[in-house]
Protein chains: 2
Amino acid sequence: MTRNPNMREAILSAAESLFSTRGFNAVSIRDIALEAGANPGSVTYHFKSKDGLLLEIYKRHCGPMNKRRIELLVAARRVRDVQDRLEAVVRAYVQPAFSSSSDLAGGGARFTRLRAVMSAEGNAVVGRIIAEIFDDTTNAFIEAIEQSLPHLPRKTLVWRSQFLLGALYYTLVNPERVTRLSRGEADGADMAEAIEQLVSATVASLQAPDINGQAAAEPAAKAGARKAPAGSRSRPA
Amino acid sequence: MTRNPNMREAILSAAESLFSTRGFNAVSIRDIALEAGANPGSVTYHFKSKDGLLLEIYKRHCGPMNKRRIELLVAARRVRDVQDRLEAVVRAYVQPAFSSSSDLAGGGARFTRLRAVMSAEGNAVVGRIIAEIFDDTTNAFIEAIEQSLPHLPRKTLVWRSQFLLGALYYTLVNPERVTRLSRGEADGADMAEAIEQLVSATVASLQAPDINGQAAAEPAAKAGARKAPAGSRSRPA
DNA sequence: TTTTCTTTTGTACAGATGTACAAATTATCA
DNA sequence: TGATAATTTGTACATCTGTACAAAAGAAAA
């Protein structure tokens with residue numbers, strides 16, 4: 001091929017790394033070229049434009065990540081125990097976002113962080129992609145959760161899925177904050193722990209009663225009906 | 001004073017609006033001047049530099065927002081019922097982020113959105129501010145939550161506060177997603193509902209058992225110790 | 001009024017930016 | 001090998017960037 005058979009990859013990787021930490025506009029093509037050990041002109045040769053480069057990064061990751069998610073989701077739906085199944089569903093959503101099964105350098109975490117940053121910047125190029133590609137997957141998850149928590153209105157599940165995604169994003173964007181606030185007790189960059197903490201917190205939040213004053217229902221079967229604690233956590237919307 | 005006695009304010013407001021939607025680097029001083037109906041030179045006259053402008057926005061909001069938070073926190077700590085108190089504490093953290101009590105245009109939501117965007121971009125100028133100003137307030141909240149949930153290790157509460165902040169940020173950054181995914185059932189821009197949903201979900205997630213396999217404990221006193229059910233890690237409290 | 005201070009304007013500049021493109025280099029294949 | 005295609009390089013260009021600064025305009029005080 002050429003001198004560096006992975007020049008295209010190197011540029012993609014460098015761009016991914018820089019975009020995901022500094023944002024899109026703060027990174028110049030020259031920055032990317034420098035980081036990748038390439039010539040600036042080489043970037044436009046391979047990807048036509050800066051937008052094209054960003055687009056290619058998305059094309060590269062979206063497929064594998066959502067494929068993995070759906071695989072895990074299918075497996076999760078087969079879990080018998082209602083409680084375990086809900087947890088497995090949430091885990092199927094969270095896990096690939098932190099570490100993709102594909103061998104792309106950096107794994108899924110870096111790409112998820114990139115998505116978080118692009119989302120915050122309101123990047124127009126990726127706006128469409130998100131809605132078109134990710135909404136399908138998200139809907140599949142919401143439906144799966146609906147099956148475990150049939151007493152909750154879909155709208156409430158959407159809100160909670162929004163909180164989950166936000167939590168996930170921010171954990172990847174600003175892990176130092178966890179380390180700092182915990183005074184060294186926790187390591188915000190520890191992805192394994194982040195996943196466990198996020199899954200456990202999310203499962204609990206999904207099981208919360210709806211805000212419209214209904215009683216808390218136990219996940220589904222298995223546990224005898226227990227009333228919501230007195231003092232009521234629900235408030236008018 | 002001058003032709004437009006609020007020119008300084010107009011510039012601040014325009015900058016806040018543009019930064020919070022497009023990010024820092026995507027917005028030029030000329031963009032801000034245009035939006036504010038001012039001359040580009042006037043921006044550097046009032047704020048010295050683009051960084052200075054961003055800094056001034058933070059100075060403007062940090063004080064009032066955290067003051068309000070502490071006020072509400074103090075009131076929340078006086079709530080008798082344990083469950084209600086926890087909810088009040090969470091609400092005291094969330095509410096000022098969505099709508100500041102100060103009369104600054106746009107309220108707290110726009111500034112919180114700005115913080116989210118700057119955080120995602122890894123903006124160096126505001127990095128220090130966040131750590132110095134906001135960590136104090138956050139610590140006060142974590143301590144208050146610790147009082148309601150004394151069985152949970154601090155580290156777990158830090159993780160969950162991270163998830164809360166992420167959820168909060170993302171709700172402001174991308175409200176359209178809620179509207180879209182709920183197929184019109186919910187309005188992601190409805191701040192009142194966002195607050196209620198976020199508070200209720202967060203209270204539940206805070207009450208989740210710790211991930212280290214310990215028994216789920218009822219919120220605090222009030223309920224006798226209950227062992228964690230076999231087979232799974234997480235359970236609603 | 002005149003004087004003094006504050007604010008706004010217009011212009012200028014050095015540097016960075018995205019991108020185009022021809023020339024040079026390297027790989028592929030006959 | 002030589003011929004052809006693919007890649008890399010270097011340079012150039014128009015535009016935008018943050019900022020500086022002198023001149024103009026306006027307000028405040030004498």
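Quick caveat: nothing in here was measured; it's all calculated off a predicted structure.
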Q: Would you check if there is a donor-acceptor pair between the side chains of Arg77(B) and Gln147(B) at a distance under 3.5 Å?
A: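 Side-chain D/A pair, Gln147(B) to Arg77(B): present.
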Q. Gln162(A) and Arg177(B): side-chain donor and acceptor closer than 3.5 Å?
A.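 On atom types as modelled, these side chains qualify, holding a pair under 3.5 Å.
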Q) If you measure from the Lys or Arg side-chain nitrogens to the Asp or Glu carboxylate oxygens, is any gap between Lys48(A) and Glu56(A) under 4.0 Å? A)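 Looking at Lys48(A) and Glu56(A), the cut-off is not met.
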Send over the distance from [X] [atom1] to [N] [atom2], rounded to a whole Å.
X	N	atom1	atom2	result
Met7(B)	dA25(D)	CE	P	17 Å
Asn25(B)	dG18(C)	CG	C1'	15 Å
Glu9(B)	dT8(C)	CD	P	12 Å

(Q) For Phe141(B), give me all partners under ring pair (Phe, Tyr, Trp, His ring centres under 6.0 Å), at least two apart in sequence or on another chain. (A)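 Phe141(B) satisfies ring pair (Phe, Tyr, Trp, His ring centres under 6.0 Å) with Tyr93(B) only.
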Q) Are the side chain of Ser13(A) and the backbone of Glu9(A) linked by a donor-acceptor contact shorter than 3.5 Å? A)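 Between the backbone of Glu9(A) and the side chain of Ser13(A) there is no qualifying donor-acceptor contact (under 3.5 Å).
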Q: Identify, residue by residue, the members of residues 26-39 of chain B with a heavy atom below 4.0 Å from DNA chain D, and return them in order of residue number, or none.
A: Val27(B), Ser28(B), Ile29(B), Arg30(B)
(Q) Which residues pass the salt bridge (Lys or Arg N to Asp or Glu O under 4.0 Å) test with Lys155(B), not counting sequence neighbours? (A) Glu193(A)
Q) Who pairs with Asp190(A) by salt bridge (Lys or Arg N to Asp or Glu O under 4.0 Å), at least two apart in sequence or on another chain? A) none
(Q) Among residues at least two apart in sequence or on other chains, which ones pass side chain to side chain contact (heavy atoms under 4.5 Å, CB included) with Arg154(B)? (A) Arg183(A), Glu185(A), Asn139(B), Ile142(B), Glu146(B), Val158(B)
**Q.** Sub-4.0 Å heavy-atom contacts from residues 40-51 of chain A onto DNA chain C, ordered by number
**A.** Ser49(A), Lys50(A)
